[in-house]
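The figures that follow rest on heavy atoms only: side chains count, while hydrogens, waters and symmetry mates do not.
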Amino acid sequence: FFKQKTAYEIRNCDWSSDVCSSDLDLLGKLPVCHMPSPYRFRCPLKHSRSMLGVHYQSIDMLLPHELFSALYHHYPAAFRDKLVGSPGALQKFWKDMDGYPRYAAHPVRTRGDHSTHCIPISFHGDGTPTVGLGKIWGKLMNVFGWSSLLAHGSTESMYFMSFCIYEAIQTAGGHGHTLNTFFRRLVWSLEWLFKGVWPESDINGKMYDQDSPEWSRPMGRKPGDPLAGGYYCCLWIILGDLDYFTKVLGLANYNSNCPCSLCPVDSNPSGLPWYDFRPVAPWLHKVFTAAESNLTNILFRLPGVTVESIYPDWMHVKHLGLDKKAYGSTLYALIHFVLPGEPADNLRIIFSEIQDVYRKRDVKNRYSQMKLSMFFSKKGIALKGKAQEVKDLGPVLLEIWEKHFNKNIRIHRQVRLILDLSVQLENIIDDMQGWRPTPLQSEALIETAHAYLNVLQSANDHFKSDDAGQVELFHVTVKGHFLLHICYLAKFLAPRVAWCYRGEDFMGKIRPLAASCAKRAQPWEVTIKIMAKYRHALQYMLPPA
């Protein structure tokens, strides 16, 4: 966005030409930016030469409370659209939270103005490749940001990045912890964002002296002054995929024997197995409360932020998890067991039928090609593709399976039921309006999820015991357990509100910016350059009035 737009916004630019002089200092020629300047701090980083261990470098981030205040004072239209939402949205959100046990115990309830002034926000983090995409020498960058649950509009204008850093230079040793250093400053900023006033103490809790620079700021920005005319925020949900929850937030490793931080399940058949998908599974009555969990990340020291703030993501759990294995297994079964002929010939027939159904249904997110390696490899069966492509393939595959399956064969009927229940789950989610589903929608979602996972497990058992099956089809991973968590959490917050599509879309937007900043720069300098350009890009995306 920055590279495309700024040439037309630069002061004194020659408007008769499509581009400005190549040696123009872009940042120096931009109009005055009212976005807050990046906050610089010393951060421990891994040295490029391992024998030298850890070194400290200055690095930048955008503090949420400063950005929040800048939006209110200088970009009022953006503040309304991207934070407060449509008229009445704030009051409706908190009204919809009535009956939620977490809301009843949340400290926001002690503030009488929360239904009109407290904006619920989400915090999201994820890794994205920025340099050398698909290469062995590619670099992964962790990106962290926040957004309002009430916002509407384009992803890049609703998601506010706070920090980004290459994963390769992060350290977690005894001499310093990169992400903990960032999280400590983030939590300090979010604490004052919850209070709704400019910080009265520094990150170490020391009160600012009257002769400190903080007291020399213009009126309205001194310690204790309102950030945004009485508006404030509370961190309501924490988003991310399971890998992020484990590596960054320190939650239970989903590949371990105790894979869940939300309940005490394990891998022991005589204990509380995570693969017990029955509606009467004992673990359903042992989900952790705020008092029972033991979470170590500093984020959980924020007011009201507990284990109940963690929302597993529908996109990663279902679309990029269970669906990839179920739809890949369906394609494998079609071309190897159902259709006569060679697998390569059968695949061409199936893909031709997929294209026909795409056109008939006017599907937007389509696979442009289909080959065996896209759903079968030495690692097992899993369909490759983007989340939306996988999601939109479900109804298409159901129609094609109904065309070819033998209703007299039990496993054929089971596969049809798997596809049908998967599509039903998506339809229930799509029909949900607002932040909370109706009781009937919630009940239907839970009932359908239990049925889907049990039939999926039954089909997997069939192929594991079938000598003809040379690969394991319809493999059920621990993501099935997290799917049930999502469905039960959906009683109080619709999965569409808490999924990661917005954050994932932003990852795609930030990649070209990150790649452009990586040239001739030290790894930590890339973060500084990105944050400098990002704050300027924000002012062009957001309307000033």
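Interatomic distance, I446 CD1 to L484 CG, rounded to the nearest 0.5 Å: 9.0 Å. How far CE of M315 is from SG of C500: 5.5 Å, rounded to the nearest 0.5 Å. For the atom pair OG1 of T130 and OH of Y166, the computed distance is 4.0 Å after rounding to the nearest 0.5 Å. Here I238 contributes atom CD1 and W146 contributes atom CH2; the two are 15.5 Å apart, rounded to the nearest 0.5 Å. Interatomic distance, CG of L421 versus CD of E447, reported as 10.0 Å (0.5 Å rounding). For the atom pair CZ (R102) and CG (L489), the distance works out to 10.0 Å, reported to the nearest 0.5 Å.
Looking at W314 and C487, their side chains come closer than 4.5 Å, going by heavy atoms from C-beta outward. In this structure, the side chains of W274 and C260 stay at 4.5 Å or more apart for every pair of heavy atoms. When side chains are defined from C-beta on, Q433 does not count as touching T438, because their heavy atoms never get closer than 4.5 Å. In this structure, L473 and F337 have side chains that are in contact, with non-hydrogen atoms separated by less than 4.5 Å. Proximity of D420 to W401: side-chain heavy atoms (C-beta onward) are nowhere separated by under 4.5 Å. Within the 4.5 Å cutoff, the side chain of L347 has heavy atoms near those of the M370 side chain. Side-chain contact between K286 and C263: absent, with no pair of heavy atoms (C-beta onward) separated by less than 4.5 Å. Residues R511 and P129 have side chains in contact (heavy-atom distance under 4.5 Å, counting atoms from C-beta outward).
A donor-acceptor pair shorter than 3.5 Å cannot be found between the side chains of H319 and Q388. For the residue pair Y275 / S267, no side-chain donor-acceptor distance below 3.5 Å is found, with atom types taken as modelled.
Between R359 and D356, at least one side-chain nitrogen of the basic residue sits less than 4.0 Å from a carboxylate oxygen of the acidic one, meeting the salt-bridge criterion. For D430 and K391, the salt-bridge test passes: some basic side-chain N is under 4.0 Å from an acidic carboxylate O. A salt bridge links K360 to E399: one of the charged nitrogens lies within less than 4.0 Å of a carboxylate oxygen. By the 4.0 Å N-to-carboxylate-O rule, K491 lies too far from E443 to be salt-bridged with it.
Screening residues 296-305 for side chain to side chain donor-acceptor pair (under 3.5 Å) gives no qualifying pairs among residues at least two apart or on separate chains. Evaluation of the ring pair (Phe, Tyr, Trp, His ring centres under 6.0 Å) test over residues 282-309, restricted to residues two or more places apart or in two chains, returns W283-H481, W283-H485.
Scanning both residues, E472 and I381, for their nearest heavy atoms gives O-CG1, 3.9 Å. In terms of heavy atoms, T306 sits closest to L295 at C-CD1, 4.3 Å. Nearest heavy-atom pair across F144 and G125 is CD2-CA, 4.0 Å. What you find for C118 and V108 is that their closest heavy atoms are SG-CG2, 3.6 Å. Annotation for L542 and A78: closest pair CB-CB, 3.7 Å, computed over non-hydrogen atoms. Looking at every heavy atom in both residues, A449 comes nearest to L425 through N-CD2, 3.7 Å.
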So F123 and L186, side chain to side chain contact (heavy atoms under 4.5 Å, CB included) or not? Walk me through it. CA-CA 11 Å; F123 179 74; L186 176 76; 3.5 Å; yes
Are Y327 and S422 close enough, and set up right, to give a side-chain hydrogen bond (donor to acceptor under 3.5 Å, both in side chains), and what steps lead you there? CA-CA 10 Å; Y327 297 168; S422 178; 2.8 Å; yes
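Taking a 6.0 Å sphere around CZ of R410, one finds it holds 12 or fewer heavy atoms contributed by other residues, nucleotides or ligands. Other residues, nucleotides and ligands contribute over 12 non-hydrogen atoms within 6.0 Å of the CG atom of D98.
By the 6.0 Å and 45° rule, R185 does not stack over the aromatic ring of F163. Note that R80 lies outside the cation-pi zone of Y75, set by a 6.0 Å cut-off to the ring centre and a 45° limit from the axis. Under the 6.0 Å distance and 45° angle rule, R413 does not count as a cation-pi partner of F405.
Here F277 pairs with nothing under the ring-ring contact (aromatic ring centres under 6.0 Å, His included) rule; sequence neighbours left out. In terms of the side chain to side chain contact (heavy atoms under 4.5 Å, CB included) criterion, residue partners of K247 (sequence neighbours excluded) are, by chain and number, D243. Take P120 and apply the side chain to side chain contact (heavy atoms under 4.5 Å, CB included) test, not counting sequence neighbours, and it matches L90, F93, W94, L149, L150, W236. Residues satisfying the ring-ring contact (aromatic ring centres under 6.0 Å, His included) test with F474, not counting sequence neighbours, are F463. Every residue two or more places apart in sequence or in another chain that forms a ring-ring contact (aromatic ring centres under 6.0 Å, His included) with F68 is listed here: F79. Listed by chain and number, the residues in a ring-ring contact (aromatic ring centres under 6.0 Å, His included) with Y100 are F492 (sequence neighbours excluded). Applying the side chain to side chain donor-acceptor pair (under 3.5 Å) criterion to E402, with sequence neighbours excluded, gives R416. In this view, E353 and I349, I350, I400, K403, H404 satisfy the side chain to side chain contact (heavy atoms under 4.5 Å, CB included) rule, not counting sequence neighbours. Every side chain to side chain contact (heavy atoms under 4.5 Å, CB included) that D126 has, sequence neighbours left out, goes to H124, D241, H316, E504, M507. Applying the side chain to side chain donor-acceptor pair (under 3.5 Å) rule to S373 yields no partners; only residues at least two apart in sequence or on another chain are considered.
Not a single donor-acceptor pair under 3.5 Å links the side chain of T448 to the backbone N or O of L445. In this structure, the side chain of Y159 does not engage the main chain of R502 through any donor-acceptor pair within 3.5 Å. Without hydrogens or angle criteria, D266 side chain to L272 main chain gives a donor-acceptor distance under 3.5 Å. Here the side chain of Y534 pairs no donor or acceptor atom with the backbone of I510 at under 3.5 angstrom. Distance alone, capped at 3.5 Å, is enough to place a donor-acceptor pair between the S189 side chain and the H65 backbone. Between the H177 side chain and the N180 main chain, a donor and an acceptor come within less than 3.5 Å of each other. Put simply, the side chain of S256 never gets that close to the backbone of A252: no donor and acceptor are under 3.5 Å apart. Panel note: side chain N460, backbone L456; no donor-acceptor pair is recorded below 3.5 Å. Side chain of E292 to backbone of T289: a donor-acceptor contact under 3.5 angstrom is found. Between the side chain of H114 and the backbone N or O of R111, at least one donor-acceptor pair lies under 3.5 Å.
In this pair, F376 and Y332 present their aromatic rings tilted. The plane angle is within the 30 to 60° band.
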